[in-house]
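A short write-up of the structure that comes next.
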Amino acid sequence: MSLETDLSILSNHESFARFLQVISDLREETIEELHNANSEQLQQISGRILTYDQILQMCDWRNLRTKFSERI
């Protein structure tokens, strides 16, 4: 199986959508960390945000959030 196939199968499960909601929440918390970060921390925090973004995009979070909006 390919990663795309695995993600397609997972996208049918509400529990996967809840997991991605946690990833999305972590992304938002990390964005908030930027407000108190010094210049040395900015690059590290930005890297974490980018990683969360990549995971959410790869898993098609926007569509899953809509699909399961009433349950998550």
Side-chain angles (χ1 to χ4, degrees):
M1 272 196 211
S2 70
L3 179 60
E4 286 127 7
T5 302
D6 292 341
L7 291 173
S8 177
I9 292 168
L10 287 169
S11 71
N12 293 312
H13 298 277
E14 182 181 338
S15 57
F16 184 61
R18 283 194 306 270
F19 170 72
L20 291 178
Q21 179 66 58
V22 171
I23 299 294
S24 179
D25 292 345
L26 288 170
R27 178 190 175 277
E28 294 304 315
E29 289 174 16
T30 305
I31 290 171
E32 289 177 17
E33 287 180 35
L34 287 172
H35 298 291
N36 299 323
N38 61 41
S39 58
E40 294 175 10
Q41 295 170 318
L42 285 176
Q43 188 174 15
Q44 181 183 23
I45 294 170
S46 296
R48 287 175 30 214
I49 294 168
L50 180 61
T51 300
Y52 291 138
D53 282 342
Q54 289 172 330
I55 293 168
L56 293 170
Q57 287 176 345
M58 183 174 43
C59 298
D60 197 15
W61 170 235
R62 286 183 182 174
N63 285 332
L64 279 176
R65 183 175 51 201
T66 301
K67 181 178 178 179
F68 292 106
S69 64
E70 294 180 12
R71 294 181 256 167
I72 58 170

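We number each residue from 1, following the sequence as shown. Small disclaimer: the values here were computed from a predicted structure and weren't measured.
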### Task
Indicate the atoms forming the closest heavy-atom contact of S11 with L64, along with that distance.
O-CD2, 3.1 Å

### Task
Return yes if some donor-acceptor pair links the side-chain N/O of K67 with the main-chain N/O of A17 below 3.5 Å, else return no.
no

### Query
Atom NE2 of H35 and atom CD1 of I45: how far apart are they, to the nearest 0.5 Å?
10.5 Å

### Task
Hey, could you give me the OG1/CG distance between T30 and L50, rounded to the nearest 0.5 Å?
12.0 Å

### Query
Is a donor on one side and an acceptor on the other found under 3.5 Å between the side chain of S8 and the backbone of E4?
no

### Message
Does atom CD (Q44) have a neighbourhood of more than 12 heavy atoms from anything else shown, all under 6.0 Å?
### Response
no

### Pairing residues for Q21 by the side-chain contact (heavy atoms from CB on, under 4.5 Å) criterion, not counting sequence neighbours
S24, D25, W61, I72

### Task
Please write out which residues are connected to M1 in a hydrophobic cluster, directly or through intermediates, given that two of Ile, Leu, Val, Met, Phe, Trp, Tyr count as joined at side-chain heavy-atom separations below 4.5 angstrom.
I9

### Task
Just jot down the side chain to side chain donor-acceptor pair (under 3.5 Å) partners of R18, sequence neighbours excluded, or say none.
E14

### Task
Find the distance between CG (N12) and CZ (F68) and round it off to the nearest 0.5 Å.
6.5 Å

### Query
Has the side chain of S69 got a donor or acceptor atom that lies under 3.5 Å from a matching backbone atom of T66?
yes

### Query
So do the side chains of L56 and I23 get within less than 4.5 Å of each other, counting heavy atoms only?
yes

### Query
Looking at CZ of R27 and CD of Q54, how far apart are the two atoms once the value is rounded to the nearest 0.5 Å?
12.0 Å

### Heavy-atom side-chain proximity of C59 to F19 below 4.5 angstrom
no

### Query
Can you tell me how far CG of L26 sits from CD1 of I31, rounded to the nearest 0.5 angstrom?
11.5 Å

### Query
Nearest 0.5 Å, what's the CD1-CG distance between I49 and L42?
9.5 Å

